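Note sheet for the following structure.
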Protein chains: 2
Amino acid sequence: MNLRDLHYVIAVADHAHFGNAALACCVSQPTLSGQIAKLEQELGVEIFSRVGRAVRPTEAGEQIIAHARRAVAAAQDVVDCARANRDPLSGRLRLGVIPTISPYLMPYVLPAAAEKLPNAPLVLVEDKTAHLVPLVIEGKLDAAIIATQEDAGELASLDLFDEPFWVAMPPNHPLVASRQVKPADIDPKTLLLLTDGHCLRDQAAELCGNPQTGQGVMADMRASSLETLLHLTAAGHGVTLVPQLAVECGRVETDRLVTRPLAGGAASRRVRLIHRLRSPRTRALVELARTIRASLPEGVRKLQSSSD
Amino acid sequence: MNLRDLHYVIAVADHAHFGNAALACCVSQPTLSGQIAKLEQELGVEIFSRVGRAVRPTEAGEQIIAHARRAVAAAQDVVDCARANRDPLSGRLRLGVIPTISPYLMPYVLPAAAEKLPNAPLVLVEDKTAHLVPLVIEGKLDAAIIATQEDAGELASLDLFDEPFWVAMPPNHPLVASRQVKPADIDPKTLLLLTDGHCLRDQAAELCGNPQTGQGVMADMRASSLETLLHLTAAGHGVTLVPQLAVECGRVETDRLVTRPLAGGAASRRVRLIHRLRSPRTRALVELARTIRASLPEGVRKLQSSSD
DNA sequence: CTGCGCGATTGTTCCAGCCTATGGAATTGG
DNA sequence: CCAATTCCATAGGCTGGAACAATCGCGCAG
């Protein structure tokens, strides 16, 4: 057996297609077919069932593929580790960020990171938490910035900051009169939410008394981005919760939209940098976390990392 | 890079000697030296520092070796997984057992296991918990039977049974009069303990009010095995705690030694079968656990596995 | 100083893995 | 129902790299 063989197996599993997998591996299709066949013979188990046109992993194959992924990831760690030891702070950092943070946080972070980590260019991937976490676990991302607590045993996290929520509403809304808004003041029926899968959606729904399903909330008005949500709010369709950084960036407070801080200790979310346990890039990531904390605007509660 | 290269690295790390490592890998020394050199050049990092006669890992090497071990273990999992899928219940099971359980439990287990798992010969390794756990994590053992709670994130455990403690004392001891002995009745100063590292030592010391250090206990009388401990007790040097299975086996209750059950709910220890999370042998291990529970004599509390 | 232990170097052999070309099975479309 | 297409498997030749044996060179010990 060979690491290359395992790469081939993973490629076939990912593409469900020998030709495309071969393309991705930069080898010819017969080469890849041959190696897979050799490996299957060596293991005495069929990894993929080629029935008709479809290529699917067998039951045994599923397990084998999972172990193969771990082996390949560990081998990649060896390489990353070597590079990190030549210069711990050099080398591309692939960073996932959730959509409700990325556009508002990265403008602060990118210049600071370029200065503090000049040899570690950031490659950003914007997606929802549920998509980012497996990518981090698989080692396809070095880290991710998310706003939920993730407890997969293979992850570690660095706290970045607590981001309070604000309420955004049209200028003629009755709550404009108060300096602060209590969650209970918000009529769930008028609360506008993001589409499913955004953690901000769940957090807003829970805060305003609509745990999980967001039942009672205007289900027919779900925006796919925070920007859309704000446009809907400005157009008078309801009120919405906005995380502080989105308020800070200034595009929110216009003459068509008013924001008020949300009262209460729980009215904020903890933003974290998660990465794999034992990631070879840990040192660079600790430095990145430090840089992020330092580049934050006033108004979000900065946290100390235990290693500082 | 290559899985073989990683094997070579691990062998050199384990032997601290190129020649012996080559021998262990069944290749010539030049081959191994060459591959290590090639890998170091490829990674751009020196893995081993050859200063004078000594071969030691560099700082970077330590990390690389650790990742290499994970990669090789995962690759081995692929092989094990394939075998397990051909016949889940076949293939050698390498089982660690702590010394205060092994000689008393295995006589029950071995015949039963030979019958229920005829194609899975048990290879026993007897050692203290602290030595067994890393072997299990590294994949050098498939599982281990221990009597403490281990919380390494990479381990799973199957509960086997609760083993009550008994008190062993010479026939002329005043406590012989009572049917049961309360932990508080035992004078810590007369309590004989095993040497450091045996979990039974810690458990006995804690039960009888000498947390951890066992302070106040006769420090100059520490036996390296339970058998020795019993001989000391019979010779009138004090009293000692004996786990139930050691009592059951009959060698304890002689005319020179009397045993009484220890009262109280906490006067027992939970015996578990631990194994790596995602071990390819999980199915065989579940069957082994079931077999062990079924082969136990009366008197130890049998537990149900959640999967039964 | 000399012998020995041990890792590095050198040169040759040979096999594993790669490619191109082709075969064959299954699905699709007319 | 047949032809075209798609896709994986097989065949055969070529090449790079891993293996070995032999040797070198260095550092330590007596």
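Model, not experiment: these values are computed from the prediction. Reminder, nothing fancy here: chain letters follow the sequence lines and each chain counts from 1.
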Within this structure, what is the [atom1]-to-[atom2] distance between [X] and [N], rounded to whole angstrom?
X	N	atom1	atom2	result
A:E42	C:dA16	CD	P	11 Å
A:E46	D:dA9	CD	P	10 Å
A:H17	C:dA26	NE2	C1'	13 Å
A:F18	C:dA25	CZ	C1'	14 Å
B:Q41	C:dT9	CD	C1'	14 Å
A:I36	D:dT10	CD1	C1'	16 Å

Check this for me: does any side-chain nitrogen of one of [X] and [Y] sit under 4.0 Å from a carboxylate oxygen of the other?
X	Y	value
A:R69	A:D14	yes
A:R83	B:E42	no
A:R86	B:E46	no
B:K38	B:D5	yes
A:D77	A:R278	no

Q. Quick one: is B:R50 getting a side-chain N or O under 4.0 Å of the C:dC6 phosphate, OP1 or OP2?
A.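 No, B:R50 has no side-chain N/O under 4.0 Å of OP1/OP2 on C:dC6.
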query: Are any of A:S33's side-chain N or O atoms less than 4.0 Å away from OP1 or OP2 of D:dA9?
result: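 Answer is yes, contact under 4.0 Å.
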Can you find a side-chain donor-acceptor pair between A:T31 and A:Q35 that sits under 3.5 Å?
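Result is no, nothing qualifies.
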Identify the pairs formed between an N or O of the protein and an N or O of nucleotides 17-21 of chain C at a distance under 3.5 Å, and give each distance.
from	atom 1	to	atom 2	distance (Å)
C:dG17	OP1	A:K38	NZ	3.4
C:dG17	OP2	A:K38	NZ	3.3
C:dC18	OP1	A:R4	NH1	3.2
C:dC18	OP1	A:Y8	OH	2.7
C:dC19	OP2	A:S28	N	2.8
C:dC19	OP2	A:S28	OG	2.9
C:dC19	OP2	A:T31	OG1	2.7

